[in-house]
**Student:** 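Okay, here's the structure, questions in a sec.
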Amino acid sequence: GAVVSQHPSWVICKSGTSVKIECRSLDFQATTMFWYRQFPKQSLMLMATSNEGSKATYEQGVEKDKFLINHASLTLSTLTVTSAHPEDSSFYICSAREVGRNTIYFGEGSWLTVV
Amino acid sequence: AQSVTQLGSHVSVSEGALVLLRCNYSSSVPPYLFWYVQYPNQGLQLLLKYTTGATLVKGINGFEAEFKKSETSFHLTKPSAHMSDAAEYFCAVSESNTDKLIFGTGTRLQVFP
């Protein structure tokens with residue numbers, strides 16, 4: 001079946017630095033990818049919708065200058081957390097919509113810890 | 001606007017017992033409904049989904065859910081729990097099959113031997 005891969009699975013970064021998380025669709029093309037965030041023991045909250053070749057659409061309350069999303073190809077979207085702070089520590093998970101099929105696949109998620 | 005409410009953040013059952021995880025939704029348009037499972041330190045796996053048509057939906061691992069419009073519910077059931085069913089379960093609603101998902105707060109299922 002279709003696979004969505006996220007990298008890195010785990011990352012620890014220092015406060016004030018930036019970290020990039022990749023979301024790749026391995027065997028299909030995805031014009032749309034979604035980025036979610038899950039705080040410990042909470043539900044997943046949609047951060048933004050990433051569209052290939054255009055600007056991402058951010059949900060209310062999500063800072064677009066802090067969470068930079070780039071969807072430069074049909075198989076890759078990246079989320080960059082800029083000037084990370086400990087409160088950004090969370091589980092970030094992406095999903096991808098397969099072109100021409102009514103199916104969404106989730107990645108395995110990426111754990112970010114900011115120290 | 002859409003929302004999802006999952007009653008019970010924790011559910012514990014004995015192995016072999018019935019599993020019932022509750023989900024109620026709110027939607028101003030005909031909803032698409034989903035159940036996902038998340039095992040520890042892993043991503044989300046789709047269990048089943050309701051789009052249109054038959055209201056009783058069968059999914060993987062013996063799970064099923066019934067869409068009840070009159071009750072705005074989409075409860076997840078499994079006749080006989082296995083130890084391997086222990087995980088976090090999320091109910092979600094969407095306006096389409098491929099749109100953004102609005103998730104409930106999740107229910108952690110524990111299965112005791």
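Convention: sequence-line order gives letters A, B, ...; per-chain numbering from 1. Keep in mind that this is a model prediction, so the values were computed, not measured.
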**Student:** Select one option (side chain, backbone, both, neither) describing which atoms of A/Leu44 are under 4.5 Å from chain B's heavy atoms.
**Tutor:** both

**Student:** Check this for me: A/His7, atom NE2, are more than 12 non-hydrogen atoms of other residues, nucleotides or ligands nearer than 6.0 Å?
**Tutor:** no

**Student:** Within the 4.5 Å heavy-atom criterion, are B/Phe34 and A/Ile104 side-chain neighbours or not?
**Tutor:** no

**Student:** With a sphere of 6.0 Å drawn around NZ of B/Lys100, does it hold more than 12 non-hydrogen atoms of other residues, nucleotides or ligands?
**Tutor:** no

**Student:** Do you know which of B/Leu101, B/Val4, B/Ile102 has the most heavy-atom pairs with chain A at a distance under 4.5 angstrom?
**Tutor:** B/Leu101

**Student:** Evaluate side chain to side chain contact (heavy atoms under 4.5 Å, CB included) for B/Phe90 paired with A/Gln38, printing each intermediate quantity in order.
**Tutor:** CA-CA 12 Å; B/Phe90 291 97; A/Gln38 183 182 29; 3.3 Å; yes

**Student:** Taking a hydrophobic cluster as the set of Ile, Leu, Val, Met, Phe, Trp and Tyr residues connected by side-chain heavy atoms closer than 4.5 Å, whether directly or through intermediates, do A/Val62 and A/Trp35 fall within one such cluster?
**Tutor:** yes

**Student:** Should B/Phe74 and B/Val93 be counted in the same cluster of Ile, Leu, Val, Met, Phe, Trp and Tyr side chains packed under 4.5 Å apart?
**Tutor:** yes

**Student:** In terms of heavy-atom contacts, does NZ of A/Lys20 have more than 12 from other residues, nucleotides or ligands at under 6.0 Å?
**Tutor:** no

**Student:** Can you list the steps and then say if B/Gln38 with A/Phe106 is a side chain to side chain contact (heavy atoms under 4.5 Å, CB included)?
**Tutor:** CA-CA 11 Å; B/Gln38 184 181 33; A/Phe106 276 86; over 6 Å; no

**Student:** Any chance you could measure A/Tyr105, atom OH, to B/Leu46, atom CG, to the nearest 0.5 Å?
**Tutor:** 9.5 Å

**Student:** Report which part of B/Glu88 has an atom under 4.5 Å of a heavy atom belonging to chain A: side chain, backbone, both, or neither.
**Tutor:** neither

**Student:** Chain B heavy atoms under 4.5 Å from A/Gln6: which part of the residue, side chain, backbone, both or neither?
**Tutor:** neither

**Student:** Group every Ile, Leu, Val, Met, Phe, Trp and Tyr by side-chain heavy-atom contacts under 4.5 Å, then state whether A/Val115 and A/Trp10 land in the same group.
**Tutor:** no

**Student:** Answer with yes or no whether the hydrophobic clustering places B/Leu44 together with B/Tyr89; edges join I, L, V, M, F, W, Y residues whose side-chain heavy atoms lie under 4.5 Å apart.
**Tutor:** no

**Student:** Locate the shortest heavy-atom distance separating B/Gly43 from A/Ile93; write the atom from each residue and the value.
**Tutor:** CA-CD1, 3.8 Å

